[in-house]
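A short worksheet on the structure shown next.
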2 protein chains.
Amino acid sequence: MPEPGPHGARVTIHDVARAAGVSRQTVSNAVNNPERVHPDTLERVRSAIDDLGYHPSSSAQSLRSRRSGAIGLELHTLGTHNATIAPVLTALSVRAAPHGCHLVPFGSASGAPMLEGYRTMWAGRLVDAFLLADTHHGDPRPPWLEAQGIPYASFGRVWDDPTFTRWVDVDGAAGTRAAVEHCVAQGYRTIGFLGWPEGSVVGDDRLAGWRAACEEHGAGVGPVGRAVQDLDAALAAAVPLVASLSRRDAVVCASDVLALGVHEACVRAGLEPGRDLGIVGFDGSETADMHHITSVAQPYEAVAEEALRLVRAAMRGEDAPASGSLLTPVLSPDRSTTTP
Amino acid sequence: MPEPGPHGARVTIHDVARAAGVSRQTVSNAVNNPERVHPDTLERVRSAIDDLGYHPSSSAQSLRSRRSGAIGLELHTLGTHNATIAPVLTALSVRAAPHGCHLVPFGSASGAPMLEGYRTMWAGRLVDAFLLADTHHGDPRPPWLEAQGIPYASFGRVWDDPTFTRWVDVDGAAGTRAAVEHCVAQGYRTIGFLGWPEGSVVGDDRLAGWRAACEEHGAGVGPVGRAVQDLDAALAAAVPLVASLSRRDAVVCASDVLALGVHEACVRAGLEPGRDLGIVGFDGSETADMHHITSVAQPYEAVAEEALRLVRAAMRGEDAPASGSLLTPVLSPDRSTTTP
DNA sequence: CCTAACCATTTGATCGTTCAAATGACACCC
DNA sequence: GGGTGTCATTTGAACGATCAAATGGTTAGG
C-alpha cells in the first residue's frame, strides 16, 4: 500500500501534479470538474492519485472555499430530548457523508445562556449552519439566527414565525389516523384515546387525528383520558379509561409511555392486551418494542434526510420552500393489536 | 454591536493588527501566548479584538497547525448501541468545547462497524483521532488504527490487546457489589442474580461482583438465572427465580431489562416489588427510572470526561497510562428496594 | 490571410493563520 | 565603547487548496 513518507508527510495536490506531469490546477479540476480535463490527462492524473494515495485536505478546502461543511446540532439532557434525538442523530450521521458534510454536536453547559453555544460555534465558523431541535414558543434561537443571517433548519415547526418553512415535522394527526384505521381493520369497536393535558400543540394534533378518523369511520368517538408523560400518571388515567371500555375496544395513545400505562391497567384488569383490548402507542420507541405494543413509528431516516436537504439548501442561499415538510409516520404492528 | 462589513467580510487578524497598530503576529501572540506580549500592548490588542468582534478562523488555524481539533465517533443502529451511547455522546458534546475540540459522529452505511467510515474521515484529516465504542473480540479497528498510527481511545477494554491502556470502562463488579451491599443494608436476606448467558465478558464481571459481595457479607450466595437481553426471555427466566425466593429476599440483575422482567414476574406472583422482594437493575436507564426500579447508574459524565482526557493525550503523542480507567458506577435507589 | 473563438492547461494570487528567524531597542558588564 | 543578552515586536514563508485570469495551440469564419 502506498503510504505517505515516514515523517507522516501528507500527499498534497502538488505531489500528484508532479507525478502526473501537470499543474496543480489540472489536478484540482480532475477531482472537482472532470469534464474540463482531457480524457487522457484525466486518466493519467487519476492513476497518479491512486498511486500516491492522495486525498484533498479538508482544512485547506475549508479555508479557501470559506465553508467548513459542518452542521451544528445542540444536545442537552433535559426531558426526553435524548431519547427523541438519538435515533435522528444516528440517521443524520450516516447520511451526512453522502451529502458532503458532517455534524458537530455541541452541548450547552447547564446554567450557560441559551445562545452561548451557537455563538461560539459560529464565531470561528466551525459550522456553516445549524439544525434546531426542541423548538418552542418564545424560543430565542430562530430570531437570533435570523438576525445574524445564519442558515438553519429545524426539527419541528418554528411556532413563532409561520413564514419560516425550513422545518421537518412528523404528521401526528396522520399517525393517530393510521392507528385508528388499523384498529378498525383489526376489528376493534369503540376506540378511546389517552393523551397529554390540553394545550400541548403536538398532543392536540395527535388527538385531532384520532377524533377525525373515528368520525369518518363511524366507529363513534370513544372516551378520552389525559395524563402527563409519566408511567404512574398514565396508569392512574388509564384505569378508569379501561374500565369504561368493553372487550374488543381499543385505545390510541399520544405516546408509548401512555400506552404502557394502558397496557398495565389492562393487565391489572385481568384483560389480555391485543385479544381483549387493542393498544396503540406513538413514537416507536424501545419501550413499545420491548412490551410488544403496536406503535406509530417516527420515520427517522426520512426526517434526517429531509433535514439535511433543507439545511443544505439554506447554506446555499436557495429560496425557502413554499411550506414545511410534514412527514407521515408508519404504523408498526405488534401483539397489542394483533393477538386474535 | 460591532458587526462585520455588509458583505459578510470576516474580521481577520490583519484588521485587528491594523486597528491596534501592531503586527499580525503580535495579535496572534496576544491570543495564544499572552505572556510574550507587553502588558500595555496586550491591553491595546485585546480592546481592538473586542471592538471589532474578532474571532480566529478555525479553518485557517486547522490548515496552519495541521490539526482539525475534531474527534470521530462512530454511531450505528445495531442492538442497544444507541441507548447506551446517547447519554455519553451528550456528555461528550458538552465537555468537548472546554477541551478545545469537538466531536464528529459518523455512521457506517451498512450498519456493521467496518473500517470504511474511519478511512474516509481520516483521509481528509477531518478528524485528528477516534473514540471507539462497542469494542469486541476480533475487532478489526484497533489493529488497523494502530498500524496507521492514528490516535484513538476506547469506551470499553480492547480485549485483543492487553497492552493497550487508553480505555475507560465501568467497573461492573463494583456496581453489583454496591447493589448487594445496598440490599443487605435494606434488610433483604438471600440475594439472587439474574444475568446474561455465560460467556459475555461484561456479564460475567457483573456476576462476579455479586458473588464476591454475597460471600463477604455472609448473606449466602442466592440462586442464579440466565436470560438474553429481552423482556420476554427475562420474564421467563425470572418466574422460576422468584418462585425459588422467599419474602424479603432480593434479586440483583445484569441489566435494567432483566430487572424489569423480575419486576413483572414479581407482580404476577402477587408480590410487591420493594416490600416483598428487592430488585436492582443495572445501567440507570429510562426504563428503570420509569418503573421505579433501583439501578446501578453508569457514570456518564465521568466516562465522557475521562475519554476526552485519554484521546487528547493520545493526540498529543503522550505516553499511554499504566493501566486503563475503571470508573465506579453509583447506585441510584428507587422504590424497588426502599418500599418498607 | 487574419481574426475570433474555443479548448486544455498553466500561472499568480488568495483564503487567515502560525512558525521560524530576523530586527531593533535597551540594559548590563568588563 | 564594543561585545553579549534579553525582551518585545516584526518580517517572510509556509500550510494545501481553489479562484480568476493568462497562456499557447488548434480550428472555423469572413
Side-chain angles (χ1 to χ4, degrees), chain A residues 4-5 7-46 48-49 52-70 100 122-126 128, chain B residues 4-5 7-46 48-49 52-70 100 122-126 128:
Chain A
H7 301 77
R10 271 183 75 70
V11 178
T12 75
I13 204 173
H14 239 108
D15 302 324
V16 176
R18 194 175 329 113
V22 296
S23 69
R24 320 176 299 259
Q25 186 62 34
T26 301
V27 179
S28 176
N29 285 338
V31 174
N32 303 311
N33 305 83
E35 76 283 358
R36 291 189 196 162
V37 179
H38 191 93
D40 298 352
T41 316
L42 186 59
E43 180 53 36
R44 201 146 36 88
V45 172
R46 282 193 167 149
I49 288 177
L52 299 176
Y54 166 74
H55 292 278
S57 147
S58 50
S59 311
Q61 288 180 314
S62 297
L63 176 60
R64 191 58 178 93
S65 62
R66 297 154 158 286
R67 287 184 299 101
S68 70
W122 180 253
R125 292 299 188 281
L126 200 66
D128 293 333
Chain B
H7 302 76
R10 271 183 76 70
V11 177
T12 75
I13 203 173
H14 240 108
D15 303 323
V16 176
R18 194 175 329 112
V22 296
S23 69
R24 324 177 293 267
Q25 186 63 34
T26 301
V27 178
S28 177
N29 286 338
V31 173
N32 303 312
N33 305 82
E35 75 283 359
R36 292 190 196 162
V37 178
H38 191 92
D40 298 351
T41 316
L42 186 59
E43 179 53 37
R44 201 145 37 88
V45 172
R46 281 192 168 150
I49 287 177
L52 299 175
Y54 166 73
H55 292 278
S57 148
S58 51
S59 312
Q61 288 181 314
S62 298
L63 176 60
R64 191 59 179 94
S65 63
R66 298 155 155 285
R67 288 184 297 102
S68 70
W122 180 253
R125 292 299 189 282
L126 200 66
D128 293 333

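Convention: sequence-line order gives letters A, B, ...; per-chain numbering from 1.
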Does B:Arg44 reach the main-chain N or O of B:Ala20 with its side chain, forming a donor-acceptor pair under 3.5 Å?
-> yes
Quickly work out the B:His38 NE2 to C:dG24 C1' distance and round it to whole Å.
-> 16 Å
Starting at CZ of B:Arg36 and ending at P of D:dT10, how long is that distance when rounded to a whole Å?
-> 15 Å
Taking D:dT18, C:dG16, C:dT18 as options, the one with an atom nearest any side-chain atom of A:Arg66 is C:dG16
Take atom CZ of B:Arg67 and atom P of D:dG16, then tell me their distance rounded to the nearest Å.
-> 15 Å
Which is true for A:Thr12 with a 4.0 Å heavy-atom rule: it touches a base, it touches only sugar-phosphate, or it touches nothing?
-> sugar-phosphate
From CG of B:Asn29 across to C1' of C:dA21 the rounded distance in Å is 14 Å
Report the C-alpha separation of A:Ile49 and A:Val31 in whole Å, then their side-chain angles, then the decisive distance to 0.1 Å, and conclude whether the side-chain contact (heavy atoms from CB on, under 4.5 Å) test is met.
-> CA-CA 9 Å; A:Ile49 288 177; A:Val31 174; 3.8 Å; yes
Hey, is the side chain of A:Thr26 poking within less than 4.0 Å of OP1 or OP2 on C:dT10, counting only N and O atoms?
-> yes
What is the nucleic acid contact for B:Gln25, judged by heavy atoms within less than 4.0 Å: base, sugar-phosphate only, or nothing?
-> base
Mind calculating the distance between CG (A:Asn33) and C1' (D:dC19) to the nearest angstrom?
-> 11 Å
Proximal nucleotide (of D:dG12, D:dA17, C:dG16) relative to the B:Arg24 side chain | D:dG12
Checking D:dT10, C:dT18, D:dA17 against the side chain of B:Asn32 (C-beta onward), the nearest is C:dT18
Return the nearest nucleotide to the side chain of A:Gln61; candidates are C:dT17, D:dA17, C:dA8.
-> D:dA17
Where the side chain of A:Val37 is defined as all heavy atoms beyond and including C-beta, which of D:dT10, D:dG16, C:dT9 is the nearest nucleotide?
-> C:dT9
Rounded distance in Å - CG (B:Leu42) to P (D:dC7) | 17 Å
Please report, rounded to the nearest Å, how far the P atom of D:dT9 is from the CD atom of B:Glu35.
-> 13 Å
In terms of side-chain heavy atoms of A:Ser23, which of D:dC15, C:dT14, C:dT10 is nearest?
-> C:dT10
Would you say the side chains of A:Ser59 and A:Ser62 form a donor-acceptor pair under 3.5 Å?
-> no
Does the base of D:dA14 carry an N or O that pairs as donor and acceptor with the side chain of B:Arg64 under 3.5 Å?
-> yes
Distance, rounded to the nearest Å, where B:His14 contributes NE2 and D:dT10 contributes C1' = 12 Å
Can you find a donor-acceptor N/O pair under 3.5 angstrom joining the side chain of A:Arg125 to the base of C:dG16?
-> no
Any side-chain heavy-atom pair from A:Val37 and A:Val45 closer than 4.5 angstrom?
-> no
OP1 or OP2 of C:dG16 sitting under 4.0 Å from any side-chain N/O of B:Ser57?
-> no
Kindly check if the number of other-residue, nucleotide or ligand heavy atoms within 6.0 Å of CZ (A:Arg67) is above 12?
-> no
